[in-house]
Amino acid sequence: MIAIRTHGIILGTERYEECRAFYRDIIGLPVWFDKGYLCCLRFGDGYLMIEGGGVAREGRKAQSENPTMIRFHVDDVATTAEELRAKGLSVDVRQFDWGIVGTFCDPDGNACELKNADDPFFTGDAV
């Protein structure tokens, strides 16, 4: 086993300034450090690094183009979705037999999702 000290996601963006502001100001991830051409945000006990080099799309990117989704576990999907809508974001909330999710996109068209944090599979209470 390798000894992992932390984990992170590096998100290449075309619309760097917009994506940096989105994850920092709309989503509310705290800035760890910002070098002006890359920004590292705290993401739970890891990080989300925003940098250039990606490709933007209007609306959500096709899953064949970007099959990755950034998920945020929250206490209340509906309430959090309303908070994001008040900031001008379009959020689609759906109920499934496995939980509640709210999907939306960042300024580059990367898929993001809210998920109910009380899901027993993620709290360690699953049987």
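- For the pair Cys105 and Arg60, the tightest heavy-atom approach, listed with the atom from each and the gap, is SG-CB, 3.2 Å.
- The two residues Ala56 and Glu14 have their closest heavy-atom pair at N-OE1, 2.8 Å.
- The shortest distance between side-chain heavy atoms of Ile27 and Leu84 falls below 4.5 Å.
- Under the 4.5 Å side-chain heavy-atom criterion for Ile, Leu, Val, Met, Phe, Trp and Tyr, Met49 and Trp32 are members of the same hydrophobic cluster.
- Heavy-atom minimum distance, Ala81 versus Val93: CB-CG2, 3.5 Å.
- Here the side chains of Phe104 and Ser90 are not in contact, with every heavy-atom distance at 4.5 Å or above.
- A heavy-atom distance below 4.5 Å is not found between the side chains of Glu17 and Phe22.
- With hydrogens and angles ignored, the 3.5 Å screen pairs no side-chain donor or acceptor of Thr103 with any backbone N or O of Glu113.
- In the hydrophobic clustering of this structure, Ile50 does not group with Tyr37; members are Ile, Leu, Val, Met, Phe, Trp, Tyr whose side-chain heavy atoms approach within less than 4.5 Å, directly or through other members.
- Note: Glu51 CD to Cys40 SG = 10.0 Å, rounded to the nearest 0.5 Å.
- Judged by distance alone, with hydrogens and angles left aside, the side-chain atoms of Tyr47 form no donor-acceptor pair with the main-chain N or O of Ile9 at under 3.5 Å.
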Starting from the C-alpha separation in whole Å, work towards a yes-or-no answer on side chain to side chain contact (heavy atoms under 4.5 Å, CB included) for Phe33 and Cys39. CA-CA 6 Å; Phe33 61 86; Cys39 182; over 6 Å; no

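- The shortest side-chain heavy-atom distance between Val77 and Val101 does not fall under the 4.5 Å cut-off.
- Cluster membership check: Val31 does not share its hydrophobic cluster with Leu38, using side-chain heavy-atom separations under 4.5 Å among Ile, Leu, Val, Met, Phe, Trp and Tyr.
- With Arg85 contributing its side chain and Val91 its backbone, the two residues share a donor-acceptor pair below 3.5 Å.
- Side-chain contact check for Leu11 versus Asp106: some heavy-atom pair is nearer than 4.5 Å.
- With Asp108 contributing its side chain and Arg15 its backbone, the two residues share a donor-acceptor pair below 3.5 Å.
- Within the 3.5 Å criterion, the main-chain N or O of Val55 finds a donor-acceptor partner in the side chain of Lys61.
- The side-chain heavy atoms of Asp34 and Arg20, taken from C-beta on, include a pair separated by under 4.5 Å.
- Considering only heavy atoms from C-beta on, Asn110 comes within 4.5 Å of Asn66 through its side chain.
- Ring to ring, Phe43 and Tyr23 are not that close: their centroids are 6.0 angstrom or more apart.
- Within a 6.0 Å sphere centred on CG of Asp25, other residues, nucleotides and ligands contribute more than 12 heavy atoms.
- Put simply, the side chain of Leu29 does not reach to within 4.5 Å of the side chain of Arg42, judged on heavy atoms.
- Put simply, the side chain of Asp92 never gets that close to the backbone of Gly102: no donor and acceptor are under 3.5 Å apart.
- Both Ile70 and Ile26 are members of a single hydrophobic cluster when ILVMFWY side chains are connected at heavy-atom separations under 4.5 Å.
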